[in-house]
Amino acid sequence: MTADAIPTLLVLHTGGTIGMREGPRGFAPAKGALLDTILATRQLHDPSRYVESHGTRPIFTTLPFATGQRVRYEVMEYEPLLDSANLDLSHWVRFAEDVGANHDAYDGFVILHGTDTMAFTASALSFMLEGLAKPVILTGSQIPLERLRNDGLDNFLGALGLAALYPIPEVTLYFHHKLLRGNRASKHDASHLDAFDSPNLPPLVRVGIEVEVDEALALPRDERPFRVRTELSPHVASLRVYPGITAEVLANFLRPPLEGLVLETYGGGNFPERSDLLDVLREAVARGVLVLNVTQCPRGEVRADYQVGRALADVGVIVGRDLTAEAAMAKLAVILGQRTAAGWSHAEQVARVRAPIRGEMSGP
Ligand code: ASP
């Protein structure tokens, strides 16, 4: 914390609806739009506190929160700003490196991000930022901040307040009054403002009249030295199983260069008990492909209670328990990215996929 005891955060403005404007072809990120709106919004910028700047980055101070504390934050606006549908793994690396390079200089981080792939980024960062000792909160909105009626103000102010005043040292996602573990979150509503859910874990914090922190959900402190892991495999895909899927389609999916497949199965982890499909999976696993079984259901877990689900485990498909599809993809990308340098055997890779890393799945 700074000498005058105002917690200071770094805000990475990466893009997303929160800073968009409507143009001739629809909503798109607009350079400077978010900063202009912050300057005009008293809660986000107390005009009696002059705007300082750190190089090209403005530093704002909020009005006092209910605790009487203000929050100071510096905004790093990305160039170009991005619709999160355009993100790829190189952007995850940039976000992680920006947090890494500033980790010691700030009390916490807020990442403004589009909602479309926010749950993927939150999952990936949770695995990439090892030994994280500061809060990293992703947020955004479904309506731009500069619109009169918007959800961006609540989400942004809430994220600033939680990062500074209720710091939880992990990667989380704040939306519509709930702080969710980042690698448990999923976007579940494209039309309404309560856009995210963490179907298999209650919110870490609920912000109502009071701020209710669920202490029981806290993760043990990540004791590893702080380190940013940037090795990621781009050769990961996800396939939603459907009635009548053919062995040709499955085999095409599993062709090199694919290294990891998230297999989204029915219900509690069930898959057609057909030898042509199971043979394709067996052969891919024998080549070293990691195949991870998660459920298509928005809630619940893969349990392999049925004969049709056990057949998958028998051919070497890994039980993903209650992982979201987003967290499953990110976890495979991270583990496959690290395997060569680490020299992990196939069995070691499988063991790492099965074990929780940062609270992304429930224990056995
Ligand atoms: N397409 C936008 C994005 O993900 C949607 C949003 O931010 O709500 O960047």
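Whatever order the structure lists ligands and atoms in, that order sets their numbers, starting from 1. Keep in mind that this is a model prediction, so the values were computed, not measured. Residue numbers start at 1 and run along the sequence shown.
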Participant: Looking only at the side chains, is there a donor atom on one of E264 and S238 sitting less than 3.5 Å from an acceptor on the other?
Facilitator: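 The answer is yes; a qualifying pair exists.
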
Participant: Among protein heavy atoms, which lies nearest atom 3 (C) of ligand 1, and at what distance?
Facilitator: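 Of the protein heavy atoms, D83 OD1, 3.2 Å lies nearest.
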
Participant: Please list the nearest protein heavy atom to atom 1 (N) of ligand 1 with its residue and the distance rounded to 0.1 Å.
Facilitator: D116 OD2, 2.7 Å

Participant: So V211 and L162, do their side chains get closer than 4.5 Å, heavy atoms only?
Facilitator: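 They are in side-chain contact.
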
Participant: With no hydrogens and no angle check, just 3.5 Å: does a side-chain donor-acceptor pair link E360 and S123?
Facilitator: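 The answer is no; no qualifying pair exists.
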
Participant: May I ask you to identify the nearest protein heavy atom to atom 9 (O) of ligand 1, giving residue, atom name and distance to one decimal place in Å?
Facilitator: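 Protein heavy atom at minimum distance: S84 N, 2.7 Å.
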
Participant: For atom 8 (O) of ligand 1, which protein heavy atom lies nearest, and how many Å away is it?
Facilitator: T115 OG1, 2.5 Å

Participant: Please report whether ligand 1 has a polar contact with T17, defined as an N or O pair separated by less than 3.5 Å (distance criterion only).
Facilitator: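 Yes; at least one N/O pair falls below 3.5 Å.
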
Participant: Show the atoms of ligand 1 that are less than 4.0 angstrom away from any heavy atom in Q142.
Facilitator: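 Result: 8 (O).
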
Participant: What atoms of ligand 1 come closer than 4.0 angstrom to any heavy atom of G16?
Facilitator: 7 (O), 9 (O)

Participant: Which ligand 1 atoms does G114 reach within 4.0 Å, using its non-hydrogen atoms?
Facilitator: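 With G114 as reference, the close atoms of ligand 1 come out as 3 (C), 4 (O), 7 (O), 9 (O).
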
Participant: Record the part of A195 in heavy-atom contact with ligand 1 below 4.0 Å; permitted values are side chain, backbone, both and neither.
Facilitator: neither

Participant: Do H113 and T121 have a side chain donor and acceptor closer than 3.5 Å?
Facilitator: yes

Participant: Should side-chain heavy atoms under 4.5 Å link Ile, Leu, Val, Met, Phe, Trp and Tyr, which residues sit in the same cluster as F27?
Facilitator: M20

Participant: Taking salt bridge (charged side-chain N to carboxylate O under 4.0 Å, His left out) as the criterion, tell me which of R299, R181, K187 meets it with D197.
Facilitator: R299

Participant: Near S141, which atoms of ligand 1 are under 4.0 Å from a heavy atom of that residue?
Facilitator: 6 (C), 7 (O), 8 (O)

Participant: Would you find more than 12 non-hydrogen atoms of other residues, nucleotides or ligands less than 6.0 Å from R274 atom CZ?
Facilitator: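 Atom CZ in R274 is packed in, count exceeds 12.
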
